[in-house]
Amino acid sequence: MIVCVAVVGHNNNPLYLQSFIDDDNTLKFHYIVHCSLDVIEEKVSNSKRAGVNLNETFLGLLYPTEDYKVYGYMSNTKIKFVLVTTDQDSRDADVRNFFRRLHAAYVDAASNPFHVPGKKITSAVFAERVGNIVKSFGAPAPA
Amino acid sequence: MVEDMEELRTPPVPLVALVGCPEYHGAISLYLHREQPPLNTLALPDFAKLPILGGKDKKPIDARMPPPLGILKHDWLTKHRTRMPAVLAVLLDRDHVYGDPTQWLQVCTHLDNVKLVLRGRNVKLVVAIVQPTSQGEINEERLAALRKRAEVDAKCCIVFITHEPSELRRSLARLGSIMGELATIFYREEGRRVKLRVEKKSYSSLELSVRYNFKIAVYAEFRRDWVAALKFYETAYSLLQEVISSTSMELQPVQRVVEMKAVAEQLHFKISNLLLHGGKETEAVRWFREHASWYKQMMGPFEGAFLHWAWVSRQFQVFGELLQNRLATASQTPTPNNAMRGQPAISERELQPAYYHHVSAVYMVKRRLAFQASLVAFETFEESNAVDVLAGPPEEVGPPVYVGQAPRLLKRGTDNHSQSPTETEYMRHSILLEKTFKHSVIAIALFKKAHELYQLMEAGRTCYLLLSDMGREYFAAKDYVTAMRILNSVVGIYREEGWVVLLGSALTYLRECARRLGLAKEFAVYGFELLALPLSAPISHGYVSGSEVDTFGNLERTQIHQELVEFLLGARNIPSQEGESAMTLSSALPVHLEIDLLSPLRTVLSVCVAFHSQSVRLGKVTRLTLAILTNLPSPVVFDEVEILFNQSSCNFSTLKNNFVEDDHEDLGSGSMSSLELQPRKWKRVSIDVIAEESGKLECLAVVAHFGPHATIRCQVESMGSREEIPFWKSEPGIDASPLADPMLASLGQKVIQVEEPEALVDISLEAPSPGLVGEAFPVCITISSAGHSIQAGDLEVYFAPSGKSEGGELSTSPTTESEVSPAELLVRHSGDNPQSKDNFELFAGLVEVPEISTGDSWSTVIYVRWLEPKAIILMATFVYHASEEGASKYQYRLHKSKEFDCVETLAIEHHYMPPFRRDALLLGNLDADTTGGQVPAATLALKESTILVVTLKNKSPVPVRLFKIEVTEEDRSRCVVHKSGAVLKEEESIEPSNDFTEGAAVGIVVAPEEIFTQLFWVYPLVPSNSLSVGTISVLWQRAMSSDSNANASEATIPNDKKAVDSVNNQVPLATIMVESPPLVITLDCPPHAVLGEAFTMTTKVQNMTNTLQEVSFSVVDTAGFIFSGAHSDTVSILPRGTHFLSYNLVPLASGIQQLPRVKINSAWYSASFQPSPLSTQIFVFPYPRFDPARYSSIDEAFGSLAIS
């Protein structure tokens, strides 16, 4: 089950962070997402050093916490997407698909003329769309 | 538990025992220990100690047996490591074995004893006959008897020779190898025995399966069969899981849960250790992950939760340490191995020990929280006089029989069941034991360790997380100072990267720390920053440390805000740390907050200001508009607002002054001393400022007062150059501009230039037309009062080269021009120094101006003398104090500049000419074209007069009066010059200086562009190649005609000769060549002729040399005359002689007529001469009306001719 989805801007500032469990303790997700930026940086610099997968946006499993697994994805514009899930082993394809759809949703939200680039995403439509993507996570992709 | 772990940490080493001949035990033990694989030795000095090897009698396994009381025997492993040898070596003295029957009997008794002790057990026996000397015979029969007695085969009965080192070494090797071999056999057989038991399933309890598998694994380890050991440990581990799954952990007593997990821990420890030593890090991590997640849920009863978290924390800590040790020794760092399909991937983080230390620390915190909860319940229900029986004296409390169980109470009975403590006793003991445990210290140590390791990995944000956790733990441990220090180091990154929620959490703790430490200022700072955070959703305090600090929602914000404001107003005390007095603001404890442009508190209060104009006159009113913004969640009211300037006289305070403009109309004009700010809404107010000093007036800061003891000083910034607050840029901000006026909002500055007051005075710089180089050019400076009566003032006059050169082109090299000043400023001498050559002296630059009353004026004249024709800008700066009432305190300043052009006045040229109709043959000129009759300036004839023609041209646009033109000879003995002509004769006698005194206008006025010519006779006395003739000096003056008075500029200058002084221009004459001519030819002819009347024309050829000269001549006929004389001839002229060629001519036509031209050729010099046509013309008067004798001059004659 997905418990948290976050979009982080290219200055490592949070643009969107939503938890999907009924727990008043969203702070820990902030910490988890913030720390995951370390791993994203490591992965990006490592892959650069290795000279492979330069165009790979999906970063795979970033790190596990005691209760969660954290996956990452980085767009070409250095927008990071972070997924926190309780599933101990998710299929890579599912996660990739999830990120692809999240990325598309972000692109649409960022294309909104009323959205100021670099500012938090406050669009309700985006939130709703993310909610739908989260709900359909793991389900077979719509034809 | 920890010491058990130590025992498990190292692989077990086979144990052997020695008995008899104790003198060799040391050497043998040492040798066996160094053996590969090593053997531990249990040395028994004599046979009496044998019984300690004895084990208990083994009961056969029965399926009907009840399940055992525990899973693993507590001391089983210890027993096998230290007391149960695999092999027993009996050392017998050779003398005893082969000695007399008594000794033999003794040996037999010993062997019987040994066999008795080892009966029923599989311990191998080795008999070694120690042979200290080389002497002595071997009794084969006795040896066979010995083998039979000891029931060992020949291989196990060895001779141990000690008398020689090499033999001893060989013997030791033999003993070592046989003992190692037997030990392996022993452990294999033991393992097989237990395995057989497992396979036969002759029992019903799973617990025994766990135990047996554990034993098989340990035996495998004894014989270094790691693969088998791992396999059986894993089996034991999974069997234990089955045991646990079969019951519900929640319903089990705490003791049972603790035991299960202790066994699981031990098994897992062995598995991890074996995997890591085998280099299978990813496998170990995978195992650990399974282990941790499976057992994490096995919390057991609630009251024992802290024991569970202690256990989980220890799992992570121990695994972290194992991994760290492994990585320290591993040659290469492991990489996540994703190749194994179907297995969850291992991330890089999981291969880092730091991760495990961190999680361990987190569980340590959980342990503390769980314990605190348990402690409350315990203290509520616990009777006060209960005794912790488990903490009794050592003789009453025995060690547990099984791994993970509680100590036994020995007084309770004899069997295990009755000796184990009750659940209540156990919990009481655990809680009391836990009470002494320093949770925070351990947790902080773990956080620190993880922090260090993460720092090495350069995982910055994770480090900040660890610091946050550490800070919270310090807070929990009531070390508020350290907590504040650590959390303060964390907030920067969250501010920078815009993680509001994380910053809010840290600030909540910081504020709480400040409150408990009684730090009023910090309390206010953190409170304000927390309140001003752009929080869109409520945040909770912290996920680790529990409920020490309240959550932070909108309601809490309002409360905190109110509390903070009331505290700052002095209306509320803030309860501080327990036992200390509450925090109150007073004059002894004021709070002054400083907000600069980089302060995070700018979200609390930011002010930008704009002056309405860019500059203002001193003493005049200017308007300043302030826009104030706060992000605090509730409206805030300041009692007093001060606005500070760099000129303190301008400072503004709402207590003393009123705002002149306010964007809120509802504020009455009376109660203006307080200022209310609405959240996230610009407040705009304007004030009027009167600057008292000239220069820069800058608005520095706004100081807002809360009550009598609290102030916030906020630096202001210019409206125009306003920068966004560097924090929370990604949060939705306020788009509104601080000012409605877009012009002011985009250009307004916090600095205004205060200019000096307007000077009511005029300065005029007046001068005639362009200046002339060399003259003292008068510039009249007039200061006239136009409203101010001037008390005293200073006039400063200076000049600068103009940017334009004379020709009007921009100068290309200003640097070189500036090196040489093109002009100088002069003033006229005071009258008492008339002897001075020059009437002027250099101007000092400053003139004191006397009092000038309103309407009056004062003027002075400054002279400019140009050295080169270049335009200059003359500048005059007048500084004065006015004597008017009110205006006297200011200094007024007025500046005026004017450009003046300058031109060259006279162009002076000169050239030499030979006298009329007298030519000298100059050999230097032979090559030159002499037909023009003009002798080049370069060569003059020696001791012949030559004419010097000096031409002056007035290039300036003004007429110039010439006083004197003269040539000053360089050396009268070499060359003599005298003036010729009648024109200047009369003025030659008049000195120009005398002119001035008489005031008569003398000299010659040369109009612009007019040319004036003056002739001189030059008479060289010595031949020379380079003769300096002298210098032409021209004395002149600007002509001051009365006609030019119409010129306005001249009207201001008194038309006085003194105003303009004469100028002496001096031009050196070019050097000349002087040579003596060999021939001089002179044409002698009357000045005019009359038609029909004969006259004589003589050409005189003078031989100037001392030799005979041959000269040929020829005459060119002309139509105007008939003449008599030789047409052509060659004559010889005697040295110093003169030859005359005379012709009688009769004019045939009147008017200008060309005379016949005589061409002379010198054979010696091969030079010919023909006079120029111009010099051989003559005017022929018509006959008879003209009588030339009646006239004295030719002009008169011409005049009469014209009349007639």
Side-chain angles (χ1 to χ4, degrees), chain A residues 6-19 23-43 45-46 50 59-72 86-92 95 114-123, chain B residues 289-290 292-293 296 312 316 336 338 342-350 352 355 358-359 362-363 366 454 457-466 468-469 493-494 496-505 534 536-544 551-553 728-733 735:
Chain A
V7 182
V8 181
H10 65 97
N11 289 325
N12 294 328
N13 51 322
L15 297 179
Y16 179 83
L17 196 147
Q18 183 62 51
S19 72
D23 183 352
D24 59 346
N25 205 343
T26 54
L27 178 64
K28 67 176 164 192
F29 293 122
H30 281 86
Y31 275 118
I32 289 172
V33 174
H34 190 239
C35 289
S36 73
L37 298 176
D38 275 343
V39 192
I40 290 178
E41 276 176 13
E42 274 168 38
K43 289 218 172 206
S45 65
N46 281 347
L59 300 172
L61 176 67
L62 299 179
Y63 74 116
T65 69
E66 315 94 85
D67 305 312
Y68 308 111
K69 298 244 164 192
V70 186
Y71 291 87
T86 52
D87 299 348
Q88 281 305 307
D89 44 343
S90 310
R91 281 193 300 142
D92 246 20
V95 182
F114 295 103
H115 172 74
V116 183
K119 295 258 180 198
K120 274 202 165 171
I121 304 171
T122 48
S123 155
Chain B
R289 194 201 272 169
E290 295 288 322
S293 65
K296 214 185 289 176
V312 177
F316 279 93
N338 294 331
Q343 299 251 29
I346 300 289
S347 65
E348 275 174 46
R349 275 295 160 91
E350 281 175 289
Q352 297 294 339
Y355 168 71
H358 181 199
V359 179
V362 170
Y363 281 113
K366 266 191 172 169
Y454 273 125
M457 289 166 64
E458 293 172 7
R461 294 178 189 82
T462 319
C463 286
Y464 283 109
L465 166 64
L466 285 162
S468 305
D469 286 343
I493 180 101
Y494 295 142
E496 189 188 313
E497 297 197 336
W499 291 78
V500 189
V501 178
L502 303 183
L503 180 65
S505 165
S536 44
I539 56 161
S540 48
H541 44 276
Y543 74 105
V544 184
T551 53
F552 191 69
W728 318 125
K729 282 185 178 166
S730 69
E731 299 296 328
D735 296 329

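Numbered from 1 within each chain, the chains take letters A, B, ... in sequence-line order. No experiment lies behind these values; they were computed from the predicted model shown.
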Is the shortest side-chain heavy-atom distance between A:H30 and B:W499 below 4.5 Å? yes
Let me know if A:T65 has heavy atoms under 4.5 Å from chain B in its side chain, its backbone, both or neither. backbone
Which bit of A:N12 is near chain B, if near means a heavy-atom gap under 4.5 Å: side chain, backbone, both or neither? both
Write down the atom of B:E497, the atom of A:L37, and the distance for their closest heavy-atom approach. OE1-CD1, 4.4 Å
Indicate yes or no: at least one non-hydrogen side-chain atom of A:Y31 is less than 4.5 angstrom from one of B:T462. no
What part of B:S293 lies closer than 4.5 angstrom to a heavy atom of chain A: side chain, backbone, both or neither? neither
So what's closer than 4.5 Å to chain B heavy atoms on A:L17: side chain, backbone, both or neither? side chain
What's the shortest heavy-atom distance between A:D38 and B:A459, and which atoms? OD2-C, 3.2 Å
Side chain, backbone, both or neither: which part of B:Y355 has a non-hydrogen atom closer than 4.5 Å to chain A? side chain
Under the ring-ring contact (aromatic ring centres under 6.0 Å, His included) rule, what do A:H34 and B:Y464 come out as? Steps first, then yes or no, please. CA-CA 10 Å; A:H34 190 239; B:Y464 283 109; 7.7 Å; no
Could you tell me which portion of A:V8 (side chain, backbone, both or neither) has an atom closer than 4.5 angstrom to a non-hydrogen atom of chain B? side chain
A:D67 vs B:K296 side-chain heavy atoms within contact, under 4.5 Å: yes
Chain A heavy atoms under 4.5 Å from B:Y363: which part of the residue, side chain, backbone, both or neither? side chain
Could you tell me which non-hydrogen atom of A:C35 sits nearest to which non-hydrogen atom of B:R461, and how far apart they are? SG-O, 3.9 Å
